[in-house]
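Here is the structure we will look at, set down as structure tokens.
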Amino acid sequence: MAPVSTQPRRELPILEQAAAVAAPGTNAPDAPDAHAPNPHEPYARAVARIAPHGASGPALDTLGRRLHDLRISVTDRCNFRCVYCMPKEIFGKDFAFLPRDQVLSFEEIERLARIFVGMGVEKLRITGGEPLVRRELPDLIEGLAQIRRPDGGPVDLTLTTNGAALRSLAQPLRDAGLQRITISLDSLDPDVFGAMNGVDFPVSRVLEGIAAARDAGLAPIKINTVIRRDLNEASILPMARWARDEGLILRFIEYMDVGHSNGWRMDDVIPEAEIVARIDAEMPLEAMAPNYAGEVATRWRYVDGSGEVGVIASVSEPFCSSCTRARLSAEGKLYTCLFAVAGHDLRALLRSDRTDDQIEAAVRGVWRLRDDRYSDLRTESTTALPKVEMFAMGG
Ligand code: SAM
């Protein structure tokens with residue numbers, strides 16, 4: 001059987017989009033350029049029309065949303081096969097991950113991160129696939145931690161991991177400049193956890209990773225728990241009790257129709273209201289204000305003052321109107337929505353002779369055209385769209 005590929009079926013041509021913004025109604029690149037041997041040849045002229053070099057100020061999309069967060073995937077590989085993300089029946093031994101030369105180098109990632117921060121991005125989240133399987137990851141963290149915003153302040157640098165390799169990597173990551181961390185953990189029950197991660201990975205090892213993160217001084221530590229009906233719904237209360245007792249910030253995530261391989265059904269989603277009601281029945285909760293405008297999780301405080309819990313309710317309470325996130329895949333594609341079917345190739349620009357200003361102008365052009373609001377528009381039929389898998393895009 002031929003190996004399955006992570007390559008999205010389609011790629012959006014930045015150039016054509018940029019040109020469309022530059023000159024509405026006259027959005028095709030000049031005819032001779034359309035036949036130029038280098039497909040990116042018209043780029044410099046197109047961006048010069050949309051965003052003269054030196055263009056500054058926050059990048060706003062068609063819905064007035066600012067580009068504020070960049071999620072950077074450092075690999076499409078993962079050592080887990082979570083049933084809701086990368087089911088092992090589909091992503092088995094024959095699966096063709098990206099070849100090394102197609103994955104962005106640390107230098108390329110850092111260059112792009114600097115460009116994004118220069119445009120107003122304030123938060124960088126390293127993700128994957130599983131980011132800790134990328135070799136020498138602390139070297140990348142060290143470079144990213146030195147980036148400064150235009151006002152001279154540090155960027156908010158964090159990382160999302162399944163925690164499998166955290167026991168040995170927590171301290172090196174902290175020493176390299178990582179400030180805080182999010183660890184995914186779907187159950188404390190070894191059988192449930194083993195079944196959900198698809199490789200029978202022991203929960204005890206993730207708990208050791210969390211302890212190592214704490215010992216290393218990473219703070220705050222957040223825990224992500226995806227809840228899928230009939231799979232780990234019995235873990236809601238034990239997870240809530242444990243996180244509260246441990247002083248960890250727990251975020252339940254509604255099961256989402258990311259990608260197109262997890263067999264998502266609306267019936268499998270336990271909505272926020274139900275998650276909160278189940279916790280509230282044992283440990284009374286009250287709503288909290290968000291930490292900042294556009295915070296993805298809704299926050300709930302335990303009435304007895306013992307901590308808080310949150311829910312990321314992308315299905316039952318979509319937050320598209322405040323979505324300020326862009327995603328950079330391991331192969332250098334820029335995605336403007338977690339549910340996208342195609343991305344924009346920044347690697348081609350990086351590996352050509354484009355200047356930072358030209359790349360910034362291309363990103364601004366893409367962002368300015370952004371009108372994604374998938375979760376607002378979700379129906380049973382949108383679920384069938386050939387969306388890019390979350391591990392390929394960057395979760
Ligand atoms: N490997 C890392 C990890 O496990 O955290 C980073 C990548 S993972 C794709 C990022 C987050 O997406 C994890 O917390 C994971 O549980 C969540 N996720 C993946 N598929 C999901 C789905 N179908 N619905 C909701 N969350 C999902």
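Counting starts at 1 for both ligands and their atoms, following the listed order.
With sequence neighbours excluded, no residue satisfies side-chain hydrogen bond (donor to acceptor under 3.5 Å, both in side chains) with Ser322. In this structure Val258 satisfies the side-chain contact (heavy atoms from CB on, under 4.5 Å) test together with Met256, Asn262, Leu338, Phe339, Met390, sequence neighbours excluded.
Taking a cutoff of 4.0 Å between a charged side-chain nitrogen and a carboxylate oxygen, Arg241 and Glu282 qualify as a salt bridge.
Each of Tyr84, Cys85, Thr127, Gly128, Gly129, Glu130, Thr160, Thr161, Asn162, Ser184, Asn224, Val226, Ile253, Glu254, Tyr255, Met256, Val258, Asn262, Met390, Gly395 has a non-hydrogen atom positioned under 4.0 Å from some atom of ligand 1.
Each ring-ring contact (aromatic ring centres under 6.0 Å, His included) pair with one or both residues in residues 106-141, not counting sequence neighbours, would appear here, but there are none.
Side-chain polar atoms of Thr158 and Gln179 form no donor-acceptor pair below 3.5 angstrom.
The cationic group of Arg229 does not satisfy the cation-pi geometry with Tyr255, failing either the under 6.0 Å distance to the six-membered ring centre or the 45° limit from the ring axis.
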